[in-house]
Amino acid sequence: MVELAPSILASDFAHLADEVRAAERGGGTVIHVDVMDGHFVPNITLGPPMVKSLRKVTSLPLDCHLMIENPDDFIPAFADAGADWISVHYEACRHLHRTLELIAQHDMRPAVVINPATRVNFLVEILPMVHHVLVMSVNPGFGGQSFIPNALTKIRRLAELRQEMGLGFRIEVDGGVAKDTIARIVEAGADLLVAGSAIFDNGNAEENARELLGLARQASGLKA
Ligand code: DX5
Ligand code: ZN
């Protein structure tokens, strides 16, 4: 089943609750939360206090994408704030296995993210541990960038590995997911679709989400 994960990065933070509810009415079923520290990526966004506020306004899973160094130091704080899923970057974790275990020990779903330059094959050893793999289809740090088409090859490779290894992890894509790219992404095998600017940029999150989800569902039907 394909699901849409609106990324609040592109939303109006002054009206966050309304933005989240609008995206939810349009069919969003996961809320994607981009956490940036100004070190791992060249931008700063938000942290556990924002997650705590979001927790009060939605019961959807809060999918926290940590673009930070030393993620282990912050996992307890995200758990306390009410995060459901935590994804950490392969490139930021010296002991990825330990970090994924730590996330699971805090009753959250562990996930791993790879940057555009990182090979899927590096993940083989830890795939049995993850709830999902997040394939970055832009270099992380900013919303509104163009989709990097090589992500499609990586999604296909992950779908193959999932089948070969008999696993059930989900495949998430983040960056440049929009009306003109979403069908190709779903056809490649992704089932969790993060979208920021394509949902929130023009102030009509509900309609944008509905349209994106419709295109994604149509593409998944054609694939079957
Ligand atoms: C980028 C973030 C994304 C961002 C995507 O580093 O991880 O989640 O919000 O934005 P769009 O959908 O505008 O490419
Ligand atoms: Zn993200």
Side-chain angles (χ1 to χ4, degrees), residues 5-23 28 30-58 60-96 99-100 102-103 106 108-118 132-148 151 172-178 192-203 205:
S7 165
I8 59 156
L9 183 62
S11 71
D12 179 355
F13 285 2
H15 300 99
L16 188 59
D18 293 340
E19 294 272 65
V20 167
R21 288 192 192 108
V30 172
I31 301 299
H32 185 83
V33 183
D34 287 306
V35 180
M36 305 186 190
D37 67 351
H39 292 276
F40 180 67
V41 288
N43 198 2
I44 297 176
T45 53
L46 51 91
M50 184 73 109
V51 173
K52 197 173 173 186
S53 296
L54 279 166
R55 185 71 296 159
K56 292 178 195 158
V57 299
T58 181
L60 296 181
L62 297 175
D63 171 27
C64 298
H65 172 192
L66 304 194
M67 288 162 272
I68 64 175
E69 288 177 4
N70 306 315
D72 297 24
D73 295 349
F74 298 93
I75 285 164
F78 279 98
D80 289 346
D84 299 285
W85 305 352
I86 295 281
S87 55
V88 290
H89 271 260
Y90 173 86
E91 303 84 6
C93 295
R94 191 163 288 167
H95 304 287
L96 179 58
T99 302
L100 295 171
L102 188 66
I103 296 167
H106 283 81
M108 299 180 292
R109 300 294 178 98
V112 65
V113 195
I114 48 173
N115 277 337
T118 303
H132 62 276
V133 175
L134 171 47
V135 175
M136 289 307 298
S137 40
V138 296
N139 286 293
F142 304 93
Q145 304 181 78
S146 300
F147 183 79
I148 299 173
E172 185 174 42
V173 182
D174 184 6
V177 176
L192 283 170
L193 308 159
V194 176
S197 50
I199 292 183
F200 293 106
D201 256 13
N202 66 2

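We use all heavy atoms of the structure for the numbers below, so side chains are in, but hydrogens, waters and symmetry mates are not. Just so we're clear, the structure is a prediction, and the values are computed from it rather than from any experiment.
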Of all the heavy-atom pairs spanning [X] and [Y], show the shortest one and how long it is.
X    : Y    : answer
V51  : A83  : CG1-N, 3.9 Å
P110 : L100 : CB-O, 3.7 Å
D72  : P76  : O-CD, 3.7 Å
P42  : F142 : O-CZ, 3.3 Å
A10  : S197 : CB-N, 3.6 Å
A23  : F200 : CB-CZ, 4.0 Å

Checklist entry - Salt-bridged, D80 to R55, with N to O below 4.0 Å? => result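 Judged by the 4.0 Å cut-off on N to carboxylate O distance, D80 and R55 do not form a salt bridge.
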Counting C-beta onward and ignoring hydrogens, is there a side-chain heavy-atom pair between [X] and [Y] closer than 4.5 Å?
X    : Y    : answer
F147 : V173 : yes
D84  : L62  : yes
I31  : D63  : no
F78  : H106 : no

Rounded to the nearest 0.5 Å, how far does [atom2] of [Y] lie from [atom1] of [X]?
X   : Y    : atom1 : atom2 : answer
W85 : H32  : CH2   : NE2   : 11.0 Å
T58 : I8   : OG1   : CD1   : 11.0 Å
D34 : T45  : CG    : OG1   : 6.5 Å
S87 : I103 : OG    : CD1   : 8.0 Å
I75 : C64  : CD1   : SG    : 11.0 Å
F74 : I68  : CZ    : CD1   : 5.5 Å

Item to check | Derivation and outcome, side chain to side chain contact (heavy atoms under 4.5 Å, CB included), residues V194 and V177 | outcome: CA-CA 7 Å; V194 176; V177 176; 5.5 Å; no
Checklist entry - Run the side chain to side chain contact (heavy atoms under 4.5 Å, CB included) check on L16 and M50 step by step: do they pass? => result CA-CA 10 Å; L16 188 59; M50 184 73 109; 3.5 Å; yes
Next on the checklist: Between M67 and N43, does the side chain to side chain contact (heavy atoms under 4.5 Å, CB included) criterion hold? Intermediate values first, please.
Outcome noted: CA-CA 9 Å; M67 288 162 272; N43 198 2; over 6 Å; no
Next on the checklist: Once you measure the plane-to-plane angle for H65 and H89, does it fall in the parallel (<30°), tilted (30-60°) or perpendicular (>60°) bin?
Outcome noted: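 Parallel, since the angle between the ring planes stays under 30°.
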Item to check | N/O donor-acceptor pair under 3.5 Å between N115 side chain and A117 backbone | outcome: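 Judged by distance alone, no pair lies under 3.5 Å.
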Next on the checklist: Under the criterion side chain to side chain contact (heavy atoms under 4.5 Å, CB included), I'd like the reasoning laid out for N139 against I148: C-alpha separation, chi angles, the key distance, then a yes or no.
Outcome noted: CA-CA 9 Å; N139 286 293; I148 299 173; 4.2 Å; yes
Next on the checklist: Looking only at side-chain N and O atoms, does H132 offer a donor or acceptor that is under 3.5 Å from a partner on E172?
Outcome noted: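 The criterion, which ignores hydrogens and geometry beyond distance, is satisfied for H132 and E172.
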